[in-house]
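Notes for the one structure printed next.
Just so you know, these numbers come straight off a predicted model, no measurement behind them. Every heavy atom of this structure was used, including side-chain atoms; hydrogens, water molecules and symmetry mates were not. Each chain gets a letter, A, B and so on, in the order the sequences are listed, and its residues count up from 1.
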There are 2 protein chains.
Amino acid sequence: MDVPCCLPLAERRVPAEAAAVLAPAFKALGDPVRLQLLSMIASAESGEICVCDLTPAFDLTGPTISHHLRTLREAGLVDAERRGTWVYYRARPGILRQLAALLTVAPAT
Amino acid sequence: MDVPCCLPLAERRVPAEAAAVLAPAFKALGDPVRLQLLSMIASAESGEICVCDLTPAFDLTGPTISHHLRTLREAGLVDAERRGTWVYYRARPGILRQLAALLTVAPAT
DNA sequence: GGACTGTCTCGACGTCCATCGAATCAGACG
DNA sequence: CGTCTGATTCGATGGACGTCGAGACAGTCC
């Protein structure tokens, strides 16, 4: 997913087309489990982390974790790669930076 | 809503309690209409904007806009103040900054 | 090939959400 | 006080979402 706009939200009005593209990314972050998943992925030492290390960190079934990972994938927030038996996830820093830039506001006066 | 945590997502794993508090704010941003509403509010010249200026910008009924504004309010992203006949909304920069900080990642190597 | 493990897909279920029309509330103005 | 306008709340409805169990798929190891 390419993010077409990245001017801060408070600088000028976000156009409808940009909002339609950006909102799904925020929506994907709008679940506590996905927020933790993304954090675990983004903060992984080696830059990637195995699903087998993600799943046991929650009181949820495998399919549910898989569903949340798919949501993060479809939102363009993470990438997945299968290597042998295991699947590894890594964060996509570009879109994270753009979302952060969008929310950036001028420092308090 | 006080946000208890603001270390970047990629620095260390977001604890479950923090995720439970943060996720609703992102969820509120996860709708194109609300994203545009917040942008219109945050980018208002005078720092605030009247509902009467917000509603006609969308192909939605008054109650629907009101519902979205309530969602933004309950997420702690905006404040509302009634002055006479009209209600004015303004952004809460603090929480926006914290959300931006959470998403901040190190610059590309 | 066959069995086993890790991951994902599918179908189902209950809940939450975006939207609307109708009704209600809050101020302003005769 | 009565009416008018702006904004919100209420109730209903159709669709989306989070979760699960069962089953399917991918790779490994014997």
Side-chain angles (χ1 to χ4, degrees), chain A residues 14 16 19-41 44 46 48-90, chain B residues 14 16 19-41 44 46 48-90:
Chain A
V14 171
V21 175
L22 266 348
F26 285 117
K27 184 191 255 185
L29 296 174
D31 181 281
V33 173
R34 286 194 293 267
L35 207 47
Q36 291 178 79
L37 281 172
L38 178 60
S39 178
M40 292 176 72
I41 295 168
S46 60
E48 63 183 9
I49 188 169
C50 175
V51 174
C52 60
D53 290 327
L54 261 13
T55 304
F58 301 86
D59 267 344
L60 294 170
T61 65
T64 298
I65 298 297
S66 190
H67 158 72
H68 285 305
L69 289 173
R70 182 223 279 263
T71 301
L72 289 174
R73 236 185 303 134
E74 291 179 342
L77 292 166
V78 302
D79 267 336
E81 182 193 357
R82 167 159 233 138
R83 283 209 303 280
T85 304
W86 294 280
V87 176
Y88 295 87
Y89 279 77
R90 55 195 327 134
Chain B
V14 171
V21 176
L22 267 347
F26 284 118
K27 183 192 249 183
L29 296 175
D31 181 281
V33 174
R34 285 194 293 267
L35 207 46
Q36 290 178 80
L37 281 172
L38 178 60
S39 178
M40 291 177 73
I41 296 168
S46 61
E48 63 183 11
I49 188 169
C50 175
V51 173
C52 59
D53 290 326
L54 260 15
T55 303
F58 301 87
D59 267 343
L60 294 171
T61 64
T64 298
I65 297 297
S66 191
H67 156 74
H68 284 304
L69 288 172
R70 183 222 277 264
T71 301
L72 288 174
R73 235 184 304 136
E74 291 178 343
L77 293 165
V78 301
D79 268 335
E81 182 193 358
R82 165 158 235 138
R83 283 207 304 278
T85 303
W86 294 280
V87 176
Y88 296 87
Y89 277 77
R90 53 177 57 237

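Checking the phosphate oxygens (OP1, OP2) of C/dC17, no side-chain nitrogen or oxygen of A/K27 falls inside 4.0 Å. Between B/S66 and D/dA7 there is no side-chain polar atom (N or O) within less than 4.0 angstrom of OP1 or OP2.
Counting any heavy atom pair closer than 4.0 Å across all strands shown, A/F58 reaches no nucleic acid atom. If you check every strand for non-hydrogen atoms under 4.0 Å, A/R34 touches sugar and phosphate atoms only. Counting any heavy atom pair closer than 4.0 Å across all strands shown, A/L60 reaches sugar-phosphate atoms only and no base atom. Among the protein residues, A/Y89 comes within range of the sugar-phosphate backbone only, with heavy atoms under 4.0 Å from sugar or phosphate atoms but none that close to a base. Within 4.0 Å (heavy atoms only), A/G84 reaches sugar-phosphate atoms of the nucleic acid but no base atom.
Residue A/T85 is the one, among A/T85 and A/H67, whose nearest nucleotide of DNA chain C lies closer to the 5' end (criterion: closest heavy atom). Two residues, A/G30 and A/R83, neighbour DNA chain D, and the one matched to the more 5' nucleotide by heavy-atom proximity is A/G30. For the pair A/T71 and B/A80, nearest-nucleotide mapping onto DNA chain D gives the more 5' position to B/A80.
No donor-acceptor distance shorter than 3.5 angstrom exists from the side chain of A/T64 to the backbone of A/L60, with no hydrogens or angles considered.
Atom CG in A/L69 sits roughly 14 Å away from atom C1' in D/dG18 (whole-Å rounding). Atoms CH2 (A/W86) and P (D/dT28) sit 9 Å apart, rounded to a whole Å.
Using a 4.5 Å cut-off on side-chain heavy atoms (C-beta onward), B/F58 and B/M40 make contact. Counting only heavy atoms from C-beta outward, the side chains of A/D31 and B/K27 never approach each other to under 4.5 Å.
Annotation: cation-pi pair A/R83/A/Y88 present, NZ/CZ under 6.0 Å from the ring centroid and within 45° of its normal.
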